[in-house]
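Letters A, B, ... are given to chains in the order of the sequence lines, protein chains preceding strands, and every chain is numbered from 1. Quick caveat, the model's predicted, so the values are computed rather than measured.
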Protein chains: 4
Amino acid sequence: MSSGSTFKRLPRAVREQQMLDAAVRVFSRRGYHAASMDEIAEDAGISKPMVYAYLGTKEELFVACLHREGTRMMQAIAAAAAPELPADERLWRGLRAFFGFVGAHRDGWAVLYRQARGEQPFAGELATMRARLVEVVAGMLDHALRAEGREVAGTELEVVAYALVGASESLADWLADHPEADPERTATRMMNVAWLGAGQLLRGVTWQPPQR
Amino acid sequence: MSSGSTFKRLPRAVREQQMLDAAVRVFSRRGYHAASMDEIAEDAGISKPMVYAYLGTKEELFVACLHREGTRMMQAIAAAAAPELPADERLWRGLRAFFGFVGAHRDGWAVLYRQARGEQPFAGELATMRARLVEVVAGMLDHALRAEGREVAGTELEVVAYALVGASESLADWLADHPEADPERTATRMMNVAWLGAGQLLRGVTWQPPQR
Amino acid sequence: MSSGSTFKRLPRAVREQQMLDAAVRVFSRRGYHAASMDEIAEDAGISKPMVYAYLGTKEELFVACLHREGTRMMQAIAAAAAPELPADERLWRGLRAFFGFVGAHRDGWAVLYRQARGEQPFAGELATMRARLVEVVAGMLDHALRAEGREVAGTELEVVAYALVGASESLADWLADHPEADPERTATRMMNVAWLGAGQLLRGVTWQPPQR
Amino acid sequence: MSSGSTFKRLPRAVREQQMLDAAVRVFSRRGYHAASMDEIAEDAGISKPMVYAYLGTKEELFVACLHREGTRMMQAIAAAAAPELPADERLWRGLRAFFGFVGAHRDGWAVLYRQARGEQPFAGELATMRARLVEVVAGMLDHALRAEGREVAGTELEVVAYALVGASESLADWLADHPEADPERTATRMMNVAWLGAGQLLRGVTWQPPQR
DNA sequence: CATGAATGAGGATTCATTCAT
DNA sequence: TATGAATGAATCCTCATTCAT
């Protein structure tokens, strides 16, 4: 009645965001299981049935959280690591965006991530996100390789990328637990580990297990 | 008549191991929360009260699992990576032992590890183990550094070590999820990432963030 | 259609009273330990979770019963024994109110009282109530004393009051166990014991242990 | 073999006493329900099956405790209050013996008594003991009455006796809770309350409720 | 739209009690 | 005799989820 627009459903969208905010807070504070729908509803300043009406079951709610936070993070990274940049530049910017994001959403995203790993229902959701990251990183490595006229089997690349992503996640955990730590600095450290190691690989230097 | 009775009235030590075996299985199958003491007892072929009598509360039981598996793993690694070996040799053997262990205890240790990360009560226990690993790895790096006449701030070393451990854990997760994968091969890959990257660092090569 | 539905969706205050009623019944029937929350809920015609939601833990529930019944009783006594009356009149009216209350709430209050004495968690709660009663009685005695120009050490008075209260409690137990007995009559008997004995004391008559 | 006596069963009797000692300790420390057979066995320095073999079920064990302590107390009182003494002397000696017993067995008997009141299975046992006491006290009163050429209905006497016993029990509870208090002194106080009140009654002095 | 009222279902934990050695 | 091993049976309590207003 107040505006001519036919949409009067915006409030709903707003409410949903509030709920997700609350859910993220509570899930991160308590962990998935220890979090109760009661607490989430209360933290959102709304009654429980509303939460169910809007976001569905506890599991669905958690997935929604995962989704929103994951998407935000991926977008932050994607926006920073534009494909037209050189590989090292992309990696660096990507890492900086990643750790920046984690630093800014410490108790939120980092703990959500930590939660999702343990609970089977969300393994898939998380694996998908991680796979996207791995793919991106592998792509960077491949790009750099080709630029130097080299080539490495896809599987090989993927495993390396997987390791790099894993290292980053661990440092992110560490960062999330150390409020005084500087995200940018953490990114630099990770870049050192990643790029120097990967760089060697790209150059064909490999370490060989000693013949026993 | 003497050996006919199938499985009854075993000595405590034996039953405790059976229970721990069952607990590891069930925790890894279901996750910490979804696992019920009923199922664990049943899987161990014993009644619930015995579990409580011998291993205590669900939380204590989980800690006991963590402990046993963690100790086994640390011993496997320690036995392989003798301190008198040169640093790269130590690292390599340690990694091989680590991935070998994970490969052999796939559904056990790897998933336990995965569980322990998520649940606050066990964060401490796990952090301790991880810290020991990080310390060992940092020690290797430091050793190698000094052998080359170089030196790096302890904190710096630790962060690198942390990243390497994190990468290894990620690959271990991956290994645990891919029954067909070869532990040794995974170890080799990790060694490549670790040693080449770390090697560069040790030699004073560092990557610098571009001045923006 | 409007008044047809038998018993559903009542306001909280009502349900709480129903639950307390049921709890008093069951606790008195079975004793604190033997009473199960299941039985209480069933007797209240409601599901267990509601009991927990409204009145909390079994212990808290019992305390709530204690509280309600205790308050009711104290009010009954206080209303009857107005402070401006002469001491013997007050004592008499107080006793009459007390035994009247017990007679009317036989299976309720009397047995609750009986329960609370045995269980350590409630000792405090009960001691407080009893202390209030003792204080009131001691006050009556003191008042009467002063009216006659006499004085007795506070401790001494308190012990006498304690004994009188104890005697009343015992008779109350007896009354609770004898449905055919008349509360008023019991009160008269108690008054006889109390007032005559106390009266003597107040007059300075004391009994002395024989020198051995 | 060592002594000629055919009885080699004495050890059993000794063991039973040890167990009862332990049981009394534990029951009084924890209360009937909170006491566990495990703790009792441990406190007795013996294995659980032994306790069952000797003293039977937990309930039976408690009854046995009740019995032993009750008997001891009644004997102490009976021994002190010889029937040939004058009534006041008997009452005084009986009270002194009673409070003396409670003072000496504070945590034992007093708490047992406290326990037995609450639990239905033992109500009977306790009622019997109390009835004996009441009977004895009523007998004293009756005796004194007749000595003065008076007579009172049995019921009436009983109620007065009941009140006196109740008052004594309350003071005993109080005594059990105040380790520094002197049993003899407590007995004197009780005697004052009892004898003066009863004395009046015996003399035909009665208090009458005001005609309303 | 919004909520207080209500519950089914399930999980941890404890104990008295009894075999089998 | 004496005991370590073992369990059936309860009981408390919590939570996700849904009506009825």
Rounded to whole angstrom units, what separation is found between the [atom1] atom of [X] and the [atom2] atom of [N]?
{"X": "B/Met19", "N": "F/dA5", "atom1": "CE", "atom2": "P", "answer": "10 Å"}
{"X": "D/Arg12", "N": "F/dT1", "atom1": "CZ", "atom2": "P", "answer": "8 Å"}
{"X": "D/Phe27", "N": "E/dC15", "atom1": "CZ", "atom2": "P", "answer": "13 Å"}
{"X": "D/Glu42", "N": "E/dA16", "atom1": "CD", "atom2": "P", "answer": "14 Å"}
{"X": "C/Gln18", "N": "E/dA5", "atom1": "CD", "atom2": "P", "answer": "13 Å"}
{"X": "B/Met50", "N": "F/dG4", "atom1": "CE", "atom2": "C1'", "answer": "9 Å"}
{"X": "B/Ile46", "N": "F/dG4", "atom1": "CD1", "atom2": "P", "answer": "17 Å"}
{"X": "D/Glu39", "N": "E/dA16", "atom1": "CD", "atom2": "C1'", "answer": "15 Å"}

Practice prompt. Only stems of 3 or more consecutive Watson-Crick or G-U pairs count here, both distances under 3.5 Å; name the ones for DNA chain F, or none.
Written response: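 If one scans DNA chain F for consecutive Watson-Crick or G-U pairs, the stems found are E:2-21 with F:2-21.
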5' to 3', nucleotides 10-17 of chain F under a 4.0 Å protein heavy-atom cut-off (B base, S sugar-phosphate only, - none) gives --SBBBSB
Report task. Examine A/Lys58 relative to A/Tyr32 and say whether NZ or CZ is less than 6.0 Å from the centre of the six-membered ring and inside a 45° cone about the ring axis. Result -> yes
Point to revise | Worked verdict on D/Arg130 versus D/Arg117 for side-chain contact (heavy atoms from CB on, under 4.5 Å) | key: CA-CA 11 Å; D/Arg130 206 192 311 240; D/Arg117 278 193 292 225; 4.1 Å; yes
Do B/Gln115 and B/His33 pair up side chain to side chain, a donor and an acceptor below 3.5 Å, judged on atom types alone?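 Absent: no donor and acceptor within the cut-off.
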- Checking side-chain contact (heavy atoms from CB on, under 4.5 Å) for the pair C/Met50/C/Met19: CA distance, chi angles, key distance, verdict? CA-CA 9 Å; C/Met50 286 304 291; C/Met19 290 178 194; 3.7 Å; yes
(Q) Quick test of your reading: applying salt bridge (Lys or Arg N to Asp or Glu O under 4.0 Å), list the pairs with at least one residue in residues 18-36 of chain D, sequence neighbours left out, ordered by first then second residue. (A)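 Salt bridge (Lys or Arg N to Asp or Glu O under 4.0 Å) check on residues 18-36 of chain D returns D/Asp21-D/Arg68, D/Arg25-D/Asp43, D/Arg29-D/Glu39, D/Arg29-D/Asp43, D/Arg30-D/Glu39.
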| query | Can you say whether the rings of C/Phe27 and C/Phe62 are parallel (under 30°), tilted (30 to 60°) or perpendicular (over 60°)? | reply | perpendicular
Could you tell me whether C/Glu42 atom CD has more than 12 heavy atoms of other residues or ligands within 6.0 Å of it?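 Check fails, neighbour count at 12 or below.
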### Query
Could you walk me through whether B/Met37 and B/Tyr52 pass the side-chain contact (heavy atoms from CB on, under 4.5 Å) check?
CA-CA 9 Å; B/Met37 293 300 268; B/Tyr52 280 91; 3.4 Å; yes
Query raised in the report: Are A/Tyr113 and A/Met129 close enough that some pair of their side-chain heavy atoms sits under 4.5 Å apart?
Result: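 Answer yes - side chains close enough.
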Nucleotide nearest B/Arg9 (side chain, heavy atoms from C-beta), chosen from F/dT3, F/dC19, F/dG4: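 Comparing F/dT3, F/dC19, F/dG4 against the side chain of B/Arg9, the answer is F/dG4.
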| task | May I ask you to evaluate whether C/Tyr54 reaches the phosphate of E/dA5, defined as a side-chain N or O under 4.0 Å from OP1 or OP2? | result | yes
Hey, is the side chain of A/Arg15 poking within less than 4.0 Å of OP1 or OP2 on E/dA2, counting only N and O atoms? yes
